[in-house]
2 protein chains.
Amino acid sequence: MITAEQKFEEFLKSKELKYTSERKLIIKTIFSFNKHFDIEELFERLRKQGNNVSRATIYRTIPLLIQGGLITETLHCQDKTSYENIFNKEHHDHLVCINCGKIIEFYNEKIEKLQEEVCRQHNFVPIEHRLGIKGYCEDCYKKIKGEVK
Amino acid sequence: MITAEQKFEEFLKSKELKYTSERKLIIKTIFSFNKHFDIEELFERLRKQGNNVSRATIYRTIPLLIQGGLITETLHCQDKTSYENIFNKEHHDHLVCINCGKIIEFYNEKIEKLQEEVCRQHNFVPIEHRLGIKGYCEDCYKKIKGEVK
DNA sequence: TTCTTATTGCAATTAAGTCTCAATATCATT
DNA sequence: AATGATATTGAGACTTAATTGCAATAAGAA
């Protein structure tokens with residue numbers, strides 16, 4: 001069973017790039033919190049651990065992690081660009097609460113199959129897809145229903 | 001049959017906002033080119049027409065057009081935030097070619113229904129959704145297949 | 001250990017988007 | 001048509017995210 005770190009190291013080797021201590025720290029840190037994150041969060045986390053990796057290095061490492069298939073940019077939910085770990089995870093889509101920001105992950109086989117069908121109909125070769133549904137989670141909907149009108 | 005401009009005017013009136021000449025120019029210009037656009041394109045277009053509307057005003061008008069249901073932010077495809085006209089258009093999703101940038105719009109009733117079902121299962125109240133599939137269009141796939149390995 | 005080359009951090013820079021504020025335009029009312 | 005309350009505008013300063021150039025440094029193959 002290969003780890004995320006090993007996968008990243010192999011990816012770098014295949015591109016003749018170096019597995020530096022900064023890159024090790026970045027990937028370790030990302031995989032130590034199992035949720036969506038943005039650059040600032042990652043930077044802060046590293047700083048609190050006493051690992052001063054510069055923002056520039058973080059910005060330069062993110063595209064490598066994406067190319068290596070370890071993380072992906074998430075839907076542009078609010079304002080900031082954020083990322084999520086996709087290593088050893090099944091593909092999934094998102095329900096995003098526009099009130100509290102909660103993210104519910106789901107996977108629906110039938111939707112996946114239908115997407116493939118749509119692609120075939122248009123002679124389109126899919127590489128990646130994203131489905132995001134924005135709305136209100138159960139709790140927030142209850143709250144808001146009370147307030148409005 | 002109501003026009004986009006009328007709908008916008010009514011929306012503004014309902015919010016006790018003013019239908020200024022700048023806002024008229026902006027909506028007219030957006031609806032004169034029937035495709036996805038970004039702020040810079042809109043700004044340039046207005047400037048070439050001899051209508052100098054400031055960037056600040058454009059940035060302030062965009063959220064009003066979104067709230068009024070006239071445009072929507074498109075998937076964050078490349079780098080820039082872009083928008084598309086949704087007035088008098090059926091809801092649709094996108095196939096986006098990552099080589100040439102072509103956008104194919106599609107609508108699939110079954111996918112829509114399944115999304116509703118997923119929301120019900122999670123007691124989630126959907127407001128809006130976006131499905132974008134990135135990949136290669138027919139032409140680009142043919143080209144690339146020749147080049148790679 | 002040596003040496004080539006990638007990488008880093010810093011600080012300057014670019015770019016998108018927001019904000020402030022005085023001047024102005026809108027539009028309901030007179 | 002004139003008035004007046006208030007929303008809106010443009011200019012430019014400002015904020016924040018992200019990128020870049022460059023000298024110093026680290027990786028890792030030989």
Side-chain angles (χ1 to χ4, degrees), chain A residues 5-6 8-30 36-47 49-68 71-83, chain B residues 5-6 8-30 36-47 49-68 71-83:
Chain A
E5 286 151 57
Q6 287 166 343
F8 190 39
E9 188 171 1
E10 279 174 25
F11 168 78
L12 291 172
K13 198 168 287 177
S14 77
K15 297 268 179 189
E16 300 195 317
L17 298 175
K18 292 169 181 173
Y19 191 43
T20 63
S21 60
E22 287 81 2
R23 290 177 181 166
K24 275 180 217 177
L25 285 168
I26 290 170
I27 189 168
K28 269 201 178 172
T29 304
I30 288 175
H36 297 222
F37 66 92
D38 62 44
I39 303 283
E40 261 325 279
E41 280 166 14
L42 180 54
F43 178 74
E44 276 306 312
R45 196 98 168 199
L46 282 159
R47 230 166 50 82
Q49 290 169 7
N51 304 121
N52 286 329
V53 177
S54 75
R55 256 178 264 264
T57 298
I58 296 175
Y59 276 110
R60 286 187 279 230
T61 303
I62 293 291
L64 297 173
L65 290 164
I66 292 175
Q67 281 174 56
I71 64 171
T72 190
E73 195 173 317
T74 55
L75 313 201
H76 198 57
C77 298
Q78 351 272 7
D79 37 357
K80 286 193 168 184
T81 309
S82 68
Y83 303 91
Chain B
E5 286 152 56
Q6 287 166 343
F8 190 38
E9 189 171 0
E10 279 174 24
F11 167 79
L12 291 171
K13 199 169 284 177
S14 77
K15 296 271 178 186
E16 300 194 318
L17 298 175
K18 293 169 182 174
Y19 191 41
T20 63
S21 59
E22 287 81 2
R23 289 176 181 166
K24 274 180 218 176
L25 284 168
I26 290 170
I27 190 169
K28 268 200 180 173
T29 304
I30 288 175
H36 297 222
F37 64 93
D38 62 43
I39 303 284
E40 263 324 280
E41 280 166 15
L42 180 54
F43 178 75
E44 276 305 312
R45 194 98 168 197
L46 282 158
R47 229 166 50 83
Q49 290 169 8
N51 304 120
N52 286 329
V53 177
S54 75
R55 257 178 261 266
T57 297
I58 296 175
Y59 276 111
R60 286 187 280 230
T61 303
I62 292 291
L64 297 173
L65 290 164
I66 292 175
Q67 280 174 57
I71 64 171
T72 189
E73 194 172 318
T74 54
L75 312 202
H76 198 57
C77 296
Q78 352 273 7
D79 36 357
K80 287 194 166 182
T81 309
S82 69
Y83 303 91

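Throughout, protein chains are lettered first and strands after them, A, B, ... in sequence-line order, and every chain is numbered starting at 1.
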[atom1] of [X] versus [atom2] of [N]: gap in Å, rounded?
| X | N | atom1 | atom2 | result |
| --- | --- | --- | --- | --- |
| A/Ile27 | C/dT7 | CD1 | C1' | 17 Å |
| B/Leu64 | D/dA7 | CG | P | 13 Å |
| B/Ile66 | C/dG17 | CD1 | P | 11 Å |
| A/Glu16 | C/dT4 | CD | P | 17 Å |
| A/Ile62 | D/dA18 | CD1 | P | 10 Å |
| B/Leu25 | D/dG10 | CG | C1' | 15 Å |
| B/Lys13 | C/dT26 | NZ | C1' | 12 Å |
| A/Leu17 | C/dT8 | CG | C1' | 14 Å |

Q. With B/Lys13, which residues qualify under side-chain contact (heavy atoms from CB on, under 4.5 Å), at least two apart?
A. none
Q | Summary of side-chain hydrogen bond (donor to acceptor under 3.5 Å, both in side chains) pairs that have at least one residue in residues 16-27 of chain B, sequence neighbours excluded | A | none
All N/O donor-acceptor pairs, side-chain side in residues 51-59 of chain A, below 3.5 Å, sequence neighbours left out:
residue : atom : partner : partner atom : Å
A/Ser54 : OG   : A/Thr57 : N            : 3.2
A/Ser54 : OG   : A/Thr57 : OG1          : 3.1
A/Arg55 : NH1  : A/Glu40 : OE1          : 2.9
A/Arg55 : NH1  : A/Glu40 : OE2          : 2.5

Supply the atom-to-atom distance [X] [atom1] to [Y] [atom2], rounded to the nearest 0.5 angstrom.
| X | Y | atom1 | atom2 | answer |
| --- | --- | --- | --- | --- |
| B/Phe43 | B/Ile26 | CZ | CD1 | 11.0 Å |
| B/Ile71 | B/Ile62 | CD1 | CD1 | 4.0 Å |
| A/Tyr83 | A/Ile30 | OH | CD1 | 9.5 Å |
| A/Leu42 | A/Thr61 | CG | OG1 | 9.0 Å |
| A/Leu46 | A/Lys28 | CG | NZ | 12.0 Å |

**Q.** Closest non-hydrogen atom pair between A/Leu64 and A/Leu17, with its separation
**A.** CD2-CD1, 3.9 Å
Q) What are the two closest heavy atoms between B/Phe11 and B/Gly68, and how far apart are they? A) CD1-CA, 3.6 Å
**Q.** Sequence-distant partners of A/Arg47, salt bridge (charged side-chain N to carboxylate O under 4.0 Å, His left out), two or more places apart
**A.** A/Glu44
Polar atom pairs (N or O), protein with nucleotides 22-27 of chain D, under 3.5 Å:
residue : atom : partner : partner atom : Å
D/dA27  : N3   : A/Lys18 : NZ           : 3.0

Q: Can you sort out which residues in residues 49-59 of chain A have a heavy atom within less than 4.0 Å of DNA chain C? Ascending by number, please.
A: A/Asn52, A/Val53, A/Ser54, A/Ala56, A/Thr57
Q: Check whether any side-chain nitrogen or oxygen of A/Arg23 sits under 4.0 Å from OP1 or OP2 of C/dA6, and answer yes or no.
A: no
Q: Specify the angle, to 10°, made by the local axes at the two ends of the helix from C/dT1-D/dA30 to C/dT30-D/dA1 when five pairs are taken at each end.
A: 40°
